[in-house]
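As the structure is a computational prediction, the values presented were derived from the model and not from experiment. Atom set for the values below is all heavy atoms of this structure, side chains included, hydrogens, waters and symmetry mates excluded.
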Amino acid sequence: MSNSDTMTNRWARFQNRLYARLSQRRKAVTGFVGDPEPRTVGSFARGRQLVAGNLLFAGYLVEAQDTGLWDVSAPSVGFDNERHGFAWLDDLAAVGDMRAREKAQRWVWGWIETHGRGQGPGWAPDLTGRRLMRWINHAIFLLRGADEKQSRAFFRSLAQQTWFLSKRWQAATPGLPRFEALAGLVQAGLALEGAERMADPALRALAKECEKQIDAQGGIPTRNPEELLDVFTLLSWTSAALGDLGRGTPAAQADAIKRMAPTLRSLRHADGALARFHGGGRGVEGRLDQALAQSGVRPHHVTGLAMGFARLYAARTSVIVDAGVPPKGAASLNAHASTSAFELTSGRRPLIVNCGSGESFGSEWRRAGRATPSHSTLCLDGYSSARLAPAGNGSESEALVDAPQDVPVDTEEAFEGTRFMVGHDGYTKVFGLTHARTFELRFDGRKLTGEDILLTATDKAKRQFDKAMDASGLKGVGFDIRFHLHPDVDAAIDLGGAAVSMALKSGEIWVFRHDGVAKLTVEPSVYLEKGRLKPRATKQIVLSGRAMEYATRIQWTLSKAQDTAYAVRDLHRDEPEFD
């Protein structure tokens, strides 16, 4: 941690507090331009838990039946951020009954009383933007039954937070935090009488951020699919708010939405959920469909990669592969060493997954989730294809460094399906080995054939491999190819150890086979999922062996049995499936 970084962060927090207190001089806005429409999607089940006093934020559960939300001591920074961001209002509004409304009102006016005068960590630009949008979205829900004093306090606080955002949005970190700050400012400026003059400058700033942060293919620097959805949703909400007032969307914003929509469609599986890469989860249920519908962008075929990901799809079987160079610099603070990892979903059921983000389970789980062994790909001798190092930004964040720089890809139509090839040089520096993967998904979606190759691509690489061999006492370089299974998959290895049968809750049976080059085992694994108290136990298929030559080739298949009755016959099939 450098002194300059520490001073920068301290200065930013000081500025936030200063403008938060100056905002107290603002007069209350007079009301809304029109009746606010809720645009956010909440969880009924989570809302019921909140009504019962069970506060589950950032992986921590606090039981507070008789304690106010703002009287609870926050167990983590993430917990504090979630409660100050007010996304939980979506969940209470999803319940929508009298008890839910009373709790929402008590917590909103409790925030005004406790933090409304400029105190507390909630006065950060991104959290303020997130909070403003929720208050406006659910204003009718919140104000029903409120007296005149409460209404005045509510509108005064809206005015104060809007003014604060107009002065501090530039302090938000570029990317999702800045989009949240600007989207909140735009929507407040459009919705509140007396704040109209703040909308147009914010719209111009939002358009510039679209040009800076959203590339020509509709991707963002972090390559986090769920974060891309969050940005897309904010832009769609803003466009809808403009449309309600008969105003058009700025060209840069409209163009960004058109670029992002097909990319998002390419990043979701057959079950409608997003691929879980680079810190992202499956996405809030229903949000992607809602955002795509609001955008008005019609589906169309995408060629090539989408934000560095390849998607193979056939007959409701989807395969999504991380086939891009990992994020760099500040964008890598949540990135994972997942190059060449894949996920597979059959119909509504995930089969092969990555472990996911462990951020909500503490720093150790967060670090473990970012490592290559937590992904469905090959790992050499326990090394990750990229390593983590202190970011040097005055915090405990770690950036991804020494990541693959050369990630060639190719796609072609094969005789029975679509073939995709990807390679990366993440292990070349230490072992001299390049990892190349080939996936071939059959046109009927019933079989995925895979091949992993470790090779020395140059004379220099051969010399490095020779050094690695010498260091191992000529025992070779160990490798593990991991296939993490979703927790709902019931896996069993056959008696001969040649195949694994996997039963999905839909009744489908998938069978994993390999060519015998590596040893097959089924081992424990974890599934890291947001909104849960602890990681879910699951299993992983592991192919282990040692690279002894300049080229090592391992083949495997994932194939769907005809039905449950044929599962045993399919599992013990004698005829080899490999070329």
Side-chain angles (χ1 to χ4, degrees), residues 1 6 9-10 12-21 23-24 42-43 45-93 95 99-132 134-135 138 142 150 153-154 157 160-161 164 173 177 180 334 357-367 394-397 528-535:
M1 180 188 298
T6 303
N9 293 335
R10 287 176 178 172
R13 289 193 293 269
F14 170 77
Q15 291 281 86
N16 287 342
R17 290 195 298 269
L18 174 63
Y19 279 98
R21 288 165 183 162
S23 72
Q24 307 309 297
S43 165
R46 187 178 168 98
R48 290 292 297 271
Q49 288 294 316
L50 290 169
V51 171
N54 299 318
L55 312 178
L56 179 56
F57 298 139
Y60 289 90
L61 176 63
V62 176
E63 296 181 359
Q65 287 86 351
D66 302 319
T67 307
L69 178 61
W70 311 109
D71 297 325
V72 171
S73 179
S76 73
V77 173
F79 187 100
D80 235 357
N81 288 343
E82 282 200 27
R83 64 174 173 177
H84 279 280
F86 276 73
W88 46 263
L89 254 183
D90 299 338
D91 304 321
L92 289 175
V95 176
R99 290 182 64 203
R101 183 169 63 251
E102 288 175 351
K103 180 141 286 190
Q105 290 172 333
R106 187 159 63 249
W107 288 355
V108 167
W109 275 278
W111 186 92
I112 294 172
E113 182 179 348
T114 308
H115 301 288
R117 289 182 290 277
Q119 303 97 336
W123 289 91
D126 55 330
L127 294 179
T128 304
R130 204 181 306 170
R131 184 169 56 245
L132 266 180
R134 265 57 184 203
W135 285 23
H138 302 300
L142 289 169
Q150 290 174 318
F154 182 75
S157 186
Q160 292 164 354
Q161 294 178 68
F164 169 82
T173 303
E180 286 183 314
N334 291 307
S357 171
E359 183 173 13
S360 62
F361 304 110
S363 58
E364 290 187 9
W365 277 115
R366 181 175 185 270
R367 207 170 199 277
S395 70
E396 296 181 357
S397 299
L528 304 171
E529 189 175 16
K530 296 176 183 178
R532 288 185 175 266
L533 285 176
K534 58 184 180 180

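- Residues Phe57 and Val62 form no side-chain contact, since every pair of their non-hydrogen atoms from C-beta on lies 4.5 Å or further apart.
- For CD of Glu113, the number of neighbouring non-hydrogen atoms (other residues, nucleotides, ligands) closer than 6.0 Å is 12 at most.
- Here the CG-CZ distance, from Leu55 to Phe79, works out to 5.0 Å after rounding to the nearest 0.5 Å.
- Closest non-hydrogen pair, Asp80 versus Pro121, comes out as OD2-CG, 3.3 Å.
- Looking only at side-chain heavy atoms (C-beta outward), Arg134 and Asp90 come within less than 4.5 Å of each other.
- Distance check: Trp88 CH2 to Lys103 NZ gives 10.5 Å after rounding to the nearest 0.5 Å.
- Between Val72 and Arg83 the shortest side-chain heavy-atom distance falls below 4.5 Å.
- Between Ser76 and Ala58, the shortest heavy-atom distance links the atoms OG-CB, 4.3 Å.
- Looking at His84 and His115, their side chains come closer than 4.5 Å, going by heavy atoms from C-beta outward.
- Counting all heavy atoms, side chain and backbone alike, Leu142 lies closest to Ala104 at CD2-CB, 3.8 Å.
- Counting non-hydrogen atoms of neighbouring residues, nucleotides and ligands closer than 6.0 angstrom, the CD atom of Gln65 exceeds 12 such neighbours.
- A distance of 5.0 Å separates CG of Leu127 from CG of Asn81, quoted to the nearest 0.5 Å.
- In terms of the salt bridge (charged side-chain N to carboxylate O under 4.0 Å, His left out) criterion, Arg117 has no residue partners (sequence neighbours excluded).
- At least one side-chain heavy atom of Val108 sits under 4.5 Å from a side-chain heavy atom of Leu89.
- With sequence neighbours left out, the ring pair (Phe, Tyr, Trp, His ring centres under 6.0 Å) criterion links Tyr60 to no other residue.
- Aromatic ring centres of Trp135 and Phe154 lie closer together than 6.0 Å.
- Considering all non-hydrogen atoms of both residues, Ser357 and Leu528 come closest at O-CB, 3.4 Å.
- The structure places NZ of Lys534 at 10.5 Å from CZ of Phe361, a figure rounded to the nearest 0.5 Å.
- Counting heavy atoms from C-beta outward, Val95 and Leu50 have side chains that stay 4.5 Å or more apart.
- When atom types are taken as modelled, the side chain of Trp123 and the backbone of Thr128 share no donor-acceptor pair closer than 3.5 angstrom.
- For the pair Trp109 (side chain) and Gln150 (backbone), a donor-acceptor distance under 3.5 Å is present.
- The distance from atom CD of Gln160 to atom CG of Leu132, rounded to the nearest 0.5 Å, is 11.0 Å.
- Between Thr114 and Gln119, the shortest heavy-atom contact is O-OE1, 3.7 Å.
- In terms of modelled atom types and a separation under 3.5 Å, the side chain of Glu359 and the main chain of Arg366 share no donor-acceptor contact.
- With rounding to the nearest 0.5 Å, the separation of CZ in Arg48 from OG in Ser43 is 11.5 Å.
- Counting heavy atoms from C-beta outward, Asn16 and Pro125 have side chains that approach closer than 4.5 Å.
- Residues Arg46 and Glu82 are paired through a salt bridge, judged by an N-O separation under 4.0 Å between the basic side chain and the carboxylate.
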